[in-house]
Amino acid sequence: MRLSSSWRWQLSRAMRLALCWCRLCRPQKRGRGWGFKPWLSGRFLDLWSYSKLLLRSLYFNSLSNADTLLDCAFEPVYWIVDNVTRWFGVVFVCLVILLTTSVVVIVYVFVLPTILRTYPLPWVVWHLCCGHWLLLMVVFHYYKATTTSPGQPPKDIVHIPSVSMCKKCITPKPHRTHHCSICNTCVLKMDHHCPWLNNCVGHFNHRYFLSFCLYMTMGCIYCSSSSQKLFLEAYSAIERYYQTPPPPDAVQETTAYKCIIFLWVLTSSVAVALGGLTLWHIILISRGESSVERHINKKEIKRLREKGKVFKNPYHHGTINNWKLLLGVEKRSHWFTRVLLPSSHLPNGDGIMWDCTFTRRDPMAI
């Protein structure tokens, strides 16, 4: 068992080692003068043996291995990354708000007037309804994802079903619960820590996170497709601007062209990047997994395959049922009131007790 993990204890050990080196290498008095004992006298071998013992005591553990030693060596790096991510989360949230606001302003100032002036009435009504619906869903789900706690295991309840003890919180960990080193707490059904939300994605805000990703991707695709013609016109006008001599365009027109190009490039880039992330989470949800469980299950699949067994995810209830559990859909009307409209309903379950689909006959490690 490791004696201590405090950096002060490790520093004192290192200082003790340095003092021992100085004491053992100190010249010994011989008669009238001072001199060094020969190295063959065994002093160097004693010093080397004591140094190895003292260094091993810094990290030795009855369960220590190469991975444990590597984690100890990279512990300062992990600490820096965790703290930098925690502080930069506020910057990322402000950046999301700033970029989203800039896109909305450009759409209202440059794109929407063009739609109202040139499009027929049915298309104008469709753009007004679709655009404002996407904007409402993005703002609502982003606000709820950032402000809703993902859920932590209760610390005042002693008798809760748990599978292990958290080494950092020193509390029981229920099923699907993992420790977040950035938030410094255990999270129920933890998926990952999202710096763009400055929050963990867990049991109580997983639906908000996925809905935000989905509606933000749809909103970026909508803005990109709606401003495609304006982008081509603005790009041609900007190319003419760099000719010699440049065309006599007004400053207001040049600013509008640059805003349209910024809008199209930003929304197209976000649609591709965020669309890939959303697709990955859709696949995970369809399998009944979280991002953390995906890595754990891959190891279990490999381990059981070597034994001639088949791994079965106990939290996989079928694709449709997995989505119903995540979205909180209990009847047919909920697909409209809870999915297509803003809804702050709680997810199914408390994040501690989970319904498992396997039985003891299934060849799965428990």
Side-chain angles (χ1 to χ4, degrees), residues 92-146 196-197 208-243 246-279 281-282 327 335-344:
F92 290 157
V93 171
C94 295
L95 186 62
V96 171
I97 296 175
L98 180 62
L99 293 178
T100 305
T101 304
S102 64
V103 169
V104 173
V105 170
I106 293 174
V107 168
Y108 271 102
V109 174
F110 300 108
V111 179
L112 193 58
T114 303
I115 293 176
L116 295 176
R117 186 174 58 253
T118 58
Y119 283 36
L121 182 59
W123 280 106
V124 171
V125 174
W126 184 88
H127 277 284
L128 290 176
C129 295
C130 179
H132 288 89
W133 171 67
L134 289 174
L135 177 61
L136 175 64
M137 299 299 286
V138 167
V139 173
F140 172 79
H141 287 102
Y142 187 72
Y143 172 77
K144 297 294 290 186
T146 54
W196 298 101
L197 301 178
Y208 297 130
F209 165 77
L210 180 71
S211 299
F212 164 72
C213 292
L214 182 60
Y215 285 114
M216 177 63 83
T217 303
M218 294 172 59
C220 289
I221 294 175
Y222 166 77
C223 293
S224 178
S225 59
S226 300
S227 61
Q228 182 179 3
K229 293 182 179 179
L230 296 176
F231 166 74
L232 296 176
E233 295 176 0
Y235 187 79
S236 301
I238 292 295
E239 281 191 339
R240 292 195 306 268
Y241 180 77
Y242 290 102
Q243 295 176 359
D249 292 337
V251 178
Q252 185 177 2
E253 293 181 356
T254 305
T255 303
Y257 293 151
K258 293 181 179 180
C259 290
I260 293 297
I261 293 176
F262 169 77
L263 169 69
W264 192 87
V265 172
L266 177 62
T267 54
S268 300
S269 303
V270 173
V272 173
L274 190 59
L277 177 65
T278 305
L279 181 62
H281 281 278
I282 288 175
L327 301 176
W335 289 103
F336 177 77
T337 58
R338 294 187 174 185
V339 179
L340 298 180
L341 293 178
S343 176
S344 58

For the [atom1] atom of [X] and the [atom2] atom of [Y], what is their distance to the nearest 0.5 Å?
X	Y	atom1	atom2	answer
Ser211	His141	OG	NE2	4.0 Å
Leu134	Thr217	CG	OG1	10.5 Å
Cys220	Leu266	SG	CG	7.0 Å
Phe212	Trp196	CZ	CH2	10.0 Å
Leu230	Ile261	CG	CD1	11.0 Å
Leu135	Tyr215	CG	OH	13.5 Å

I need the minimum non-hydrogen distance between [X] and [Y], along with the two atoms involved.
X	Y	result
Thr101	Ile97	OG1-O, 2.6 Å
Thr100	Met216	OG1-CE, 3.9 Å
Val107	Cys223	CG2-SG, 4.2 Å
Tyr119	Ser226	OH-O, 4.4 Å
Phe140	Ser344	CZ-N, 4.1 Å
Phe110	Ile260	CB-CD1, 3.8 Å

Between [Y] and [X], is there a side-chain heavy-atom distance shorter than 4.5 Å?
X	Y	result
Cys259	Thr255	yes
Leu340	Trp335	no
Met137	Tyr142	no

Please answer whether the main-chain N or O of [Y] pairs with a side-chain N or O of [X] as donor and acceptor at a distance below 3.5 Å.
X	Y	answer
Ser343	Val339	no
Ser224	Ile221	no
Trp264	Phe231	no
Tyr222	His127	yes

query: So Val103 and Thr267, side-chain contact (heavy atoms from CB on, under 4.5 Å) or not? Walk me through it.
result: CA-CA 8 Å; Val103 169; Thr267 54; 4.2 Å; yes
message: Within a 6.0 Å radius of atom OH on Tyr235, are there more than 12 heavy atoms belonging to other residues, nucleotides or ligands?
response: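 Open.
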message: Heavy-atom count check: over 12 atoms from other residues, nucleotides or ligands less than 6.0 Å from Trp123 CH2?
response: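 Open: at most 12 neighbouring heavy atoms sit under 6.0 Å from CH2 of Trp123.
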message: The test is side-chain contact (heavy atoms from CB on, under 4.5 Å); show your working for Lys144 and Phe209 and say whether it passes.
response: CA-CA 8 Å; Lys144 297 294 290 186; Phe209 165 77; over 6 Å; no
task: Please assess Leu341 against Leu136 for the test side-chain contact (heavy atoms from CB on, under 4.5 Å), listing each intermediate value before the final yes or no.
output: CA-CA 9 Å; Leu341 293 178; Leu136 175 64; over 6 Å; no
